[in-house]
Asker: 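Have a look at the structure that comes next, please.
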Amino acid sequence: MRIGKFLLWIAGIGLVFGGGYATALGLGDHPSYTLTALKTGGEPEMAATLHDEEHQAELDTILNILLHQKPLEGASVDVDNPDISLELMSPERSVGILDARIWFEKDTTVLGIRSGQTWNSIRYSELSKNDAEYIQSIVDAE
């Protein structure tokens with residue numbers, strides 16, 4: 001009788017863990033974040049799409065760049081004509097997480113992150129030369 005209960009107990013534990021493993025395999029095939037970059041300057045063209053499954057290091061570096069910039073006051077850019085547009089999405093939930101635009105000016109690179117529902121409210125930052133070159137290299141490589 002004790003052996004029967006023990007085997008039933010082991011089978012129950014195996015079923016729980018096996019079900020969890022099967023569920024993880026089924027849900028784990030989709031990226032949780034996707035960063036899409038559009039190169040503009042005439043007709044928009046797809047420049048790069050980074051998924052956290054395949055490009056985790058690049059995605060982490062770009063997110064670090066986008067989120068850790070010092071504010072720039074009085075940026076003078078053409079809001080409707082950026083050089084690069086970036087969009088961070090959660091494809092599983094169909095939710096936009098971050099919209100950003102980059103303008104390469106003569107003496108500086110300006111980053112604009114949308115902070116409202118439209119592009120009327122933008123937080124501007126200045127990208128360092130290294131950060132701008134890194135983003136440009138990722139966009140050009142893909």
Asker: Measure the spacing between CD1 of Ile138 and CG of Leu35 and express it to the nearest 0.5 Å.
Answerer: 10.0 Å

Asker: Count I, L, V, M, F, W, Y as connected when their side-chain heavy atoms are under 4.5 Å apart, and connections chain through other members. Are Val139 and Leu88 then in the same cluster?
Answerer: yes

Asker: Can you tell me how far CG of Asp131 sits from CD1 of Ile62, rounded to the nearest 0.5 angstrom?
Answerer: 10.5 Å

Asker: Do other residues, nucleotides or ligands put more than 12 heavy atoms under 6.0 Å from Gln117 CD?
Answerer: no

Asker: Ile65, Leu50: one ILVMFWY side-chain cluster at the under-4.5 Å cut-off?
Answerer: yes

Asker: Do side-chain atoms of Ser115 reach the backbone of Ser121 as a donor and acceptor pair under 3.5 angstrom?
Answerer: yes

Asker: For residues 70-78, dump all side-chain donor-acceptor pairs below 3.5 Å to protein atoms at least two apart in sequence or in another chain.
Answerer:
residue, atom, partner, partner atom, Å
Asp78, OD1, Asp80, N, 3.4
Asp78, OD2, Asn81, ND2, 2.5

Asker: Run the numbers on Thr118 and Asn120 for side chain to side chain donor-acceptor pair (under 3.5 Å), then give the verdict.
Answerer: CA-CA 5 Å; Thr118 66; Asn120 293 332; 3.3 Å; yes

Asker: Does one hydrophobic cluster hold both Phe104 and Tyr124, with members joined at side-chain heavy-atom distances below 4.5 Å?
Answerer: no

Asker: Say whether Leu59 and Leu67 are linked into one hydrophobic cluster, either directly or through other cluster members, by side-chain heavy-atom distances under 4.5 angstrom.
Answerer: yes

Asker: So among Val79, Ile113, Leu111, which one has a side-chain contact (heavy atoms from CB on, under 4.5 Å) with Ile122?
Answerer: Val79

Asker: Report the distance from atom CD1 of Ile135 to atom CG of Leu66, rounding to the nearest 0.5 Å.
Answerer: 5.5 Å

Asker: side-chain contact (heavy atoms from CB on, under 4.5 Å) between Gln136 and Asp83: does it pass, once the steps are laid out?
Answerer: CA-CA 10 Å; Gln136 187 70 46; Asp83 294 307; over 6 Å; no

Asker: About how many Å separate NE2 of His51 and OG1 of Thr36, when rounded to the nearest 0.5 Å?
Answerer: 7.5 Å

Asker: Going by side-chain hydrogen bond (donor to acceptor under 3.5 Å, both in side chains), name the residues that satisfy it together with Glu58, two or more places apart in sequence or in a different chain.
Answerer: none

Asker: Test Thr34 against Thr49 for side-chain contact (heavy atoms from CB on, under 4.5 Å), laying out the working first.
Answerer: CA-CA 7 Å; Thr34 301; Thr49 300; 3.5 Å; yes

Asker: What's the spacing between Leu63 CG and His68 NE2 if we round to 0.5 Å?
Answerer: 10.0 Å

Asker: With sequence neighbours excluded, give me every side chain to side chain donor-acceptor pair (under 3.5 Å) pair touching residues 96-106.
Answerer: Asp99-Arg114

Asker: In Å and rounded to the nearest 0.5 Å, what is the NZ to CD1 distance from Lys5 to Ile10?
Answerer: 15.0 Å

Asker: Closest heavy-atom contact between Met89 and Ile97?
Answerer: C-CD1, 4.2 Å

